[in-house]
Amino acid sequence: ETGVTQTPRHLVMGMTNKKSLKCEQHLGHNAMYWYKQSAKKPLELMFVYSLEERVENNSVPSRFSPECPNSSHLFLHLHTLQPEDSALYLCASSLGQGNNSPLHFGNGTRLTVT
Amino acid sequence: RKEVEQDPGPFNVPEGATVAFNCTYSNSASQSFFWYRQDCRKEPKLLMSVYSSGNEDGRFTAQLNRASQYISLLIRDSKLSDSATYLCVVNKGDSWGKLQFGAGTQVVVTP
């Protein structure tokens, strides 16, 4: 059982659709992250929030829009995606910024863009 | 040069044997190191942190070599359930402590 839950587990969307990914952590952590994992590639950091403030936007296209309403919840809003955006999207949390604490991952959303 | 580099494998290991593999990192300022395990189509899970003096957790031993900038993972008495991709994770050594992932080393334990 994971302390970080993500929904949905699977998502198929067309290029003109708008959808949102949801992440919730129950670990009392202060930092939350979105990562993208494409086949045979390292995890790519997309966004980092620390205490609900965005501290990192790793040159991610604007068709991906994060939202962090509080330290336990994180969303990734998707619109007008491209087929190359198909990947596993992982949410993670950690104790906080800069203290080298390990990440705890959710089970991911497998996204297919058609 | 990639910031974190791993041999993708696969390492095919008979059950009960020992397997070891390394991960090299490019940033000499890196201070924190981890091994994660990722099963097929699942999320990564923390296997162990890597400490300067080396550390062991059951059948798993992790070592850090700062001079040559690599970490290693050794698995003794391999089990079928050890089959997975092992991700090397290194912090970037900046004030933020952002983590950098390797692409993973695949281990396949065979009966």
Side-chain angles (χ1 to χ4, degrees), chain A residues 1-7 9-10 21 23 25 27 29-51 53-59 86-112, chain B residues 1-10 23-27 29-52 55 57 60 62 64 66 71 73 84-106:
Chain A
E1 184 180 343
T2 177
V4 181
T5 55
Q6 284 185 247
T7 55
R9 292 293 302 275
H10 301 273
L21 310 185
C23 176
Q25 60 97 0
L27 300 169
H29 289 167
N30 291 323
M32 295 188 77
Y33 310 73
W34 280 115
Y35 279 87
K36 174 184 178 182
Q37 189 175 33
S38 303
K40 304 296 183 185
K41 289 186 178 180
L43 271 72
E44 300 172 50
L45 179 63
M46 300 177 71
F47 300 104
V48 182
Y49 278 82
S50 177
L51 295 171
E53 180 183 341
R54 190 192 306 183
V55 296
E56 182 87 13
N57 177 348
N58 219 23
S59 303
S86 299
L88 179 67
Y89 288 84
L90 290 159
C91 173
S93 69
S94 70
L95 272 174
Q97 173 181 343
N99 61 8
N100 301 320
S101 57
L103 299 172
H104 296 258
F105 285 91
N107 46 27
T109 295
R110 189 159 296 280
L111 173 67
T112 303
Chain B
R1 182 183 175 185
K2 293 179 184 176
E3 294 191 46
V4 180
E5 198 149 6
Q6 296 185 249
D7 182 336
C23 162
T24 57
Y25 61 94
S26 60
N27 190 338
S30 296
Q31 294 294 324
S32 298
F33 309 88
F34 307 94
W35 283 106
Y36 278 72
R37 170 202 170 118
Q38 186 171 25
D39 293 293
C40 188
R41 304 182 76 82
K42 297 282 185 71
E43 76 276 17
K45 293 184 178 178
L46 179 66
L47 179 66
M48 59 196 302
S49 302
V50 185
Y51 302 121
S52 296
N55 50 301
D57 183 359
F60 297 84
L64 166 64
R66 287 193 186 274
I71 64 172
L73 182 66
T85 296
Y86 290 85
L87 305 177
C88 169
V89 185
V90 177
N91 86 322
K92 294 198 79 171
D94 56 12
S95 59
W96 207 92
K98 190 165 60 178
L99 298 177
Q100 196 78 23
F101 283 76
T105 295
Q106 186 183 6

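Order of the sequence lines sets the chain letters (A, B, ...), proteins ahead of strands, with each chain counted from 1.
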Residue pair B:Gln38 / A:Gln37, side-chain donor-acceptor N/O under 3.5 Å: yes
Supply the atom-to-atom distance [X] [atom1] to [Y] [atom2], rounded to the nearest 0.5 angstrom.
| X | Y | atom1 | atom2 | value |
| --- | --- | --- | --- | --- |
| A:Leu90 | B:Phe101 | CG | CZ | 8.5 Å |
| A:Ser101 | B:Leu99 | OG | CG | 8.0 Å |
| B:Tyr36 | A:Phe105 | OH | CZ | 5.5 Å |

Taking every non-hydrogen atom, the tightest pair across B:Glu43 and A:Gly106: CB-O, 2.8 Å
side-chain hydrogen bond (donor to acceptor under 3.5 Å, both in side chains) against B:Asp57, all qualifying residues, sequence neighbours excluded: none
B:Gln106: side-chain hydrogen bond (donor to acceptor under 3.5 Å, both in side chains) partners, not counting sequence neighbours: none
Residue pair B:Leu87 / A:Leu43, side-chain heavy-atom distance below 4.5 Å: yes
Non-hydrogen side-chain atoms of B:Val4 and A:Pro42 separated by less than 4.5 Å: no
Top contributor to chain B interface from A:Leu45, A:Leu88, A:Leu103 [non-hydrogen pairs under 4.5 Å]: A:Leu103
